[in-house]
Amino acid sequence: MAARGSCPACGSAALVEDSHYAQQQLVCAACGCVLAEGLLTTTYAEEEHLREVAYSQSTGQKEQLSRCLQRGIRRVQDLCKVLQLPTVFEETAVSYVQRALQHPSFHLVSLEKKELLGGCCVFVTCRQHNWPLTMGTICSLLYAKQELFASVYLSLQKELELSVPALSLADLVKTHLNSFRLFQHAADIPAPFVENKEKVVARTMQIVELASETWLVTGRHPVPIVTAAAFLSWQSLQPAARLACTLARFCKLAGVDLPPPAHLRLKELLEILLRMASQLAWLRVFNLDKKTVVKHIGDLLQHRIFLLKSAFCPEDEEEQQCAAAPGEASPGSAGGAVQGGGCPSAGKRRPLLPPCLVNPRKRLRTAAPSASDSAVTGEEPISDGEIEQYLRGPEEIRAFRKAQAWL
Amino acid sequence: MDGSSLLEQYLERCDGQFKDDLSTSPQLFTPMSPYDVDFPIQTTEDVLFRSQFNQPKELPTDFSSVDLSFLPDITQDNKEQNLLEDGHEMQKDLVGSTSNEDSSILTDESSLAYPDATQATPEASGACPPLTPMAPMTPVTPASESSGIVPQLQNIVSTVNLACKLDLKNIALRARNAEYNPKRFAAVIMRIREPRTTALIFSSGKMVCTGAKSEEQSRLAARKYARVVQKLGFPAKFLDFKIQNMVGSCDVMFPIRLEGLVLTHQQFSSYEPELFPGLIYRMVKPRIVLLIFVSGKVVLTGAKERSEIYEAFESIYPILKGFKKAS
């Protein structure tokens, strides 16, 4: 039976598998040159049928690349199966993997990073189709370090010039809440804790929208915000039974991880809600605190547009007012609207600003370049004394040498 | 005629900046308010281009507050350059057409046919002030005035060739301000107090100087390091001093909606809150990377010249102002 390939000696394609004293040989029928003998077999099936495959035929020249590509494609397929993504995603991701591995800048990337390429391509594909997938999810599926994943993702985005749209929070809310276990009765979940999924999702969306309007979302990790919002909405649907439950316990019951920033996001959300509550006529009577405001979240969300306007003064109004007032001397204060000292209407309203501007951390600001600094020309004479202060004297060198010998 | 000559003025102003030409009388430079109206065309193009990749949930339909006059510079940059080169010999009319009534200037790029030379004003180039290293450049976008904020330089990285082989162990032994750990890094790390900088000195004689706040300080610091190496007995020279990177920062004094910015400027922005809290804006002209944060602080890096930083900031300021939340 003729085998594939051509004879290296005469170029003829007539290769025959012959046996010479029961040793299999691959021989050229034209010139008699023996191409191979006693070959390594590659598969059990082939061995069974006594058909050896030439090494030069079984592996290509770009062996390393094709193996990485195979691994990458397999990784993409597995991820798509686990995440239950549509088939079109798989095709797109596979094409990205192929493009990436063929791109010259990825040839010298370490194998560790190449392993992550499959996951990165799946991530990019999902984002391009507005499928809410967070990096945290992919990293946990790949058992990858997030810094490594981040560097591979950024270089992939740059080299292949992919435009990746931003993550949409609304979709993320729905997907994240899908993994919560509190929507069905189970043995370890007390009865009053079980809740209707649609109600929780709807209210969580409203709270997340409120958070993004009040600058709590920009620049922050999205998942802790969704977790905190889900917790608040779940609590507010049946406050009597659920106020005693803490965020940590809620996450444990729901079967999700508690991301560390979630506590801070919760605090910020409650602060915003308290400010809004102070503007609702029938709530001013109560002395609301962080716990009790949860009971009224429904009302607050219903009237949130009006409440936001009355509870927070607009930023530019604030700046104009505070510009007149003696502001901080340091150049680092952001627009004078930081302390909110010059805020109008009985000092109850504070400007609607991101938390980093409302509570600025005191940072040492380098002074603006003084006149003497700007007079430097770069060609001034350098005095010997100034240079000599940086040189060691002979005794010092000896002492240093001795000390070094000790180490 | 009025329409095309206003356009010519705008284009030759850009040309004037590139050519650094002083010749015209400066009082002919008038800010072009009609340029405010060229947004809608660009926005629809952008939206269509990006619609295949995302369907933005809340796309701001009213773009009148968003100043996208920066965008034409990027996409039609080549066109403008070619036309400038073609029409360079033609005399441009600056005097007659300062009428601000004409409002539809950039509606059709193809109607930019350079007409027969009507007026013969020899000095036709734009009336822009020259580019000096210390003075901030006037903005390219004529629609808005200068922002009044000057980015402050925070770090300058420069390299110089000392042109002699160095014995790093010897240097580390005989200099007080040097540290050398060959297992960690193959260079001596030397610091001086005035100007406060750090230098990496390699055995090949090449040196990297970082930490200076201005180009002149960086040069002075590099010379001081070279002098130290000279005093240690090596025949150090000072060749090919070059500024490699400049970093500046400033504050626009209002919070910025990064999510909105990444929607409208998707080709240039990368905003991944899971990775980094700021938005990474890769400006094409000048080639600068800006880190924009929600607090309004902006970091500009990747410049080789101070003017690039100023120009980049003046370009981004109108865009950011468009995202100032007007409540």
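Chain naming here is simple, since letters A, B, ... match the order of the sequence lines and numbering starts at 1 in each.
- The candidate with the highest count of non-hydrogen atom pairs below 4.5 Å against chain B, out of A:Arg401, A:Glu396, A:Gln146, is A:Glu396.
- A donor atom on one side chain and an acceptor atom on the other are found under 3.5 Å apart for B:Arg193 and A:Gln389.
- Chosen from A:Thr134, A:Val164, A:Leu167, A:Val217, the residue pairing most often with chain B at heavy-atom distances under 4.5 Å is A:Thr134.
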### Task
With salt bridge (charged side-chain N to carboxylate O under 4.0 Å, His left out) as the test, would you mind laying out the steps for A:Arg127 and B:Glu272 before giving the verdict?
CA-CA 11 Å; A:Arg127 282 281 282 272; B:Glu272 295 289 336; 2.9 Å; yes
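- Looking at every heavy atom in both residues, B:Ala172 comes nearest to A:Arg392 through O-NH1, 3.2 Å.
- Within 6.0 Å of CG on B:Asn181 lie more than 12 heavy atoms contributed by other residues, nucleotides or ligands.
- Nearest heavy atoms, A:Ser212 versus B:Arg257: O-NH1, 2.7 Å.
- Between A:Pro222 and B:Glu274, the closest side-chain pair of non-hydrogen atoms falls below 4.5 Å.
- Between the OH atom of A:Tyr390 and the CZ atom of B:Arg191 there is a distance of 12.0 Å, given to the nearest 0.5 Å.
- When all heavy atoms of B:Arg227 and A:Ile387 are compared, the pair lying nearest together is CG-CG1, 3.6 Å.
- The candidate from A:Arg220, A:His221, A:Glu386 with the greatest count of non-hydrogen atom pairs under 4.5 Å with chain B is A:His221.
- For A:Val223, no part lies near chain B; criterion is any non-hydrogen pair under 4.5 Å.
- For chain A, the nearby part of B:Ile256 is the backbone; its heavy atoms alone come within less than 4.5 Å.
- More than 12 non-hydrogen atoms from other residues, nucleotides or ligands lie less than 6.0 angstrom from CD of B:Gln230.
- Looking only at side-chain heavy atoms (C-beta outward), A:Pro165 and B:Gln266 come within less than 4.5 Å of each other.
- Residues A:Leu391 and B:Lys231 are in side-chain contact: their nearest non-hydrogen atoms beyond the backbone lie under 4.5 Å apart.
- Within a 6.0 Å sphere centred on CZ of B:Arg287, other residues, nucleotides and ligands contribute 12 heavy atoms or fewer.
- One N or O on the side chain of B:Tyr271 and one on the backbone of A:Gly219 form a donor-acceptor pair closer than 3.5 Å.
- Among all heavy-atom pairs drawn from A:Tyr153 and B:Leu275, the shortest one is CD2-CD1, 3.9 Å.
- Of all non-hydrogen atoms in A:Phe400 and B:Leu173, the two that sit nearest each other are CD2-CD1, 3.4 Å.
- Within the model, atoms CG of A:Leu154 and CZ of B:Phe276 stand 11.0 Å from one another, a figure rounded to the nearest 0.5 Å.
- Side-chain atoms of A:Thr218 and B:Glu259 include a donor-acceptor pair closer than 3.5 Å.
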### Message
I'd like to know whether B:Ser270 forms a side chain to side chain contact (heavy atoms under 4.5 Å, CB included) with A:Gln157, so could you lay out the CA-CA distance, the side-chain angles of the two residues, the decisive distance to 0.1 Å, and finally the verdict.
### Response
CA-CA 9 Å; B:Ser270 157; A:Gln157 196 185 9; 3.9 Å; yes
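- Within 6.0 Å of atom CD in A:Glu161, 12 or fewer heavy atoms from other residues, nucleotides or ligands are found, so the atom counts as exposed in its surroundings.
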